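Taking it in order: structure first as structure tokens, then the write-up.
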Amino acid sequence: METLYFFECEFPAVFLVNGVFFPSLTRLKAEPSDSLYITVLPLDAVYLPYTVRIGGGAVYANAALTVFYRLKGERYLARFLPRFNYVYTPVRHEHPKTDAGAARRLFDAISRRDVTSARALLTPELSASVDDNSLLAFFDGYCDLVENNGYVSGEINSFFLIPAAEGEAALFRVEYKNGLIDNIDETE
């Protein structure tokens, strides 16, 4: 069975995969026994290049610079983090933030224990049906939320919840009504 790796990099970069140049890197198929040596070459002088070794669904080199999640089955997500040198400049080098979806904003609000902001993302009917303690406990046991950006095809308005302990992520589908979250269901 082939392994499918998805990649995210929030800063401008090009890549070498086993010595082959890629101007962008979003996903790769590999056999479980294959090793991928991915060199991240930032296009901003503030960041330093580095190489990550990935194989068999795990990171073996520079794991501190890679956030690695098992999504579903043999699908994995690798987020490349910036590696900094000590460069002093009057210009702030921050990567552009993308607009997060309602599910991500809900996860962030609940993680901050901000019930008011969380309820503002829910329809009045859903908000009235759940008490504060149940709302705050909804994401217990999960450390991160990853929006499904084509990682599992055919699942629109969905996201993965990454467990705090080792294990496979759970896929959830969101139903919207007037731009607000009306329901969240786990998929099979």
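For clarity, every value in this text was computed on a predicted model and none was experimentally measured.
- Here the CG-CG distance, from N157 to N183, works out to 12.0 Å after rounding to the nearest 0.5 Å.
- F159 and I156 fall into different hydrophobic clusters, where Ile, Leu, Val, Met, Phe, Trp and Tyr are joined by side-chain heavy atoms under 4.5 Å apart, directly or via other members.
- Annotation: the span from T26 atom OG1 to E8 atom CD amounts to 10.5 Å, rounded to 0.5 Å.
- Listed here is the closest heavy atom pair of A169 and P163: CA-CD, 3.9 Å.
- No donor-acceptor pair under 3.5 Å is formed between the side chain of D44 and the backbone N or O of Y47.
- Residues meeting the side-chain contact (heavy atoms from CB on, under 4.5 Å) test with L41, sequence neighbours left out: V14, L16, T39, P49.
- With a 4.5 Å cut-off on side-chain heavy atoms, L145 and E147 count as touching.
- The OG atom of S111 lies 10.0 Å from the CG atom of L136; values are rounded to the nearest 0.5 Å.
- Side-chain atoms of D144 and R104, non-hydrogen and from C-beta on, do get closer than 4.5 Å to each other.
- The aromatic rings of F80 and Y50 sit perpendicular, their planes meeting at an angle over 60°, well past the 30° parallel limit.
- Between the CD1 atom of I110 and the CG atom of D140 there is a distance of 9.5 Å, given to the nearest 0.5 Å.
- A distance-only check finds no donor-acceptor pair linking the side chain of S134 to the backbone of V130 [under 3.5 Å].
- Clustering ILVMFWY residues whenever any of their side-chain heavy atoms sit less than 4.5 angstrom apart, transitively, puts I54 in the very cluster that holds L28.
- Nearest heavy-atom pair across L71 and E168 is O-CG, 3.4 Å.
- Residue pairs meeting the salt bridge (charged side-chain N to carboxylate O under 4.0 Å, His left out) criterion with at least one member in residues 30-41, sequence neighbours excluded, do not occur.
- Under the 4.5 Å side-chain contact rule for hydrophobic residues, Y37 and Y60 do not share a cluster.
- Judged by distance alone, with hydrogens and angles left aside, the side-chain atoms of R75 form no donor-acceptor pair with the main-chain N or O of T3 at under 3.5 Å.
- N62 places no side-chain N or O within 3.5 Å of a backbone atom of V52 that could act as its donor or acceptor partner.
- Taking CG of L77 as the reference point, atom CZ of F68 lies at 8.5 Å (rounded to 0.5 Å).
- The list of salt bridge (charged side-chain N to carboxylate O under 4.0 Å, His left out) pairs with a residue in residues 110-123, not counting sequence neighbours, reads R112-D114, R119-D132.
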task: Output, in order, the C-alpha distance, side-chain angles, deciding distance and verdict of ring pair (Phe, Tyr, Trp, His ring centres under 6.0 Å) for F15 and F22.
output: CA-CA 5 Å; F15 307 90; F22 288 86; 8.4 Å; no
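- Looking at residues two or more places apart in sequence or on another chain, you find a side-chain contact (heavy atoms from CB on, under 4.5 Å) between L121 and R105, L106.
- Of all the heavy atoms in A30 and L36, the pair that sits closest is CB-CD1, 4.3 Å.
- Side-chain atoms of Y5 come within 3.5 Å of backbone N or O of G57 as a donor-acceptor pair.
- The shortest heavy-atom contact between P82 and L65 is O-CD2, 3.9 Å.
- Nearest heavy atom pair, residue L180 against residue A120, reads CD2-O, 3.5 Å.
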query: Where do Y76 and Y69 land on the ring pair (Phe, Tyr, Trp, His ring centres under 6.0 Å) test, with the steps shown first?
result: CA-CA 6 Å; Y76 298 89; Y69 297 135; over 10 Å; no
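- When atom types are taken as modelled, the side chain of E186 and the backbone of A170 share no donor-acceptor pair closer than 3.5 angstrom.
- In this structure a side-chain-to-backbone donor-acceptor pair under 3.5 Å is present from S129 to L126.
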Return a table of donor-acceptor pairs under 3.5 angstrom between the side chains of residues 171-179 and protein atoms on other chains or two or more places apart.
| residue | atom | partner | partner atom | Å |
| --- | --- | --- | --- | --- |
| R173 | NE | E155 | OE1 | 3.3 |
| R173 | NH2 | E155 | OE1 | 2.7 |
| R173 | NH2 | E155 | OE2 | 3.3 |

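- A distance below 6.0 Å separates the ring centres of F6 and Y151.
- The salt bridge (charged side-chain N to carboxylate O under 4.0 Å, His left out) analysis of residues 46-57, with sequence neighbours excluded, yields no pairs.
- The CG atom of L122 sits 5.5 Å away from the OG atom of S127 when rounded to the nearest 0.5 Å.
- Taking each heavy atom of T66 and A78 in turn, the nearest pair found is CG2-CB, 4.0 Å.
- Using a 4.5 Å cut-off between side-chain heavy atoms of Ile, Leu, Val, Met, Phe, Trp and Tyr, with links allowed through other members, V146 and Y142 fall into different hydrophobic clusters.
- The hydrophobic cluster containing V67 does not contain I38, counting ILVMFWY residues as joined when their side-chain heavy atoms lie under 4.5 angstrom apart, directly or transitively.
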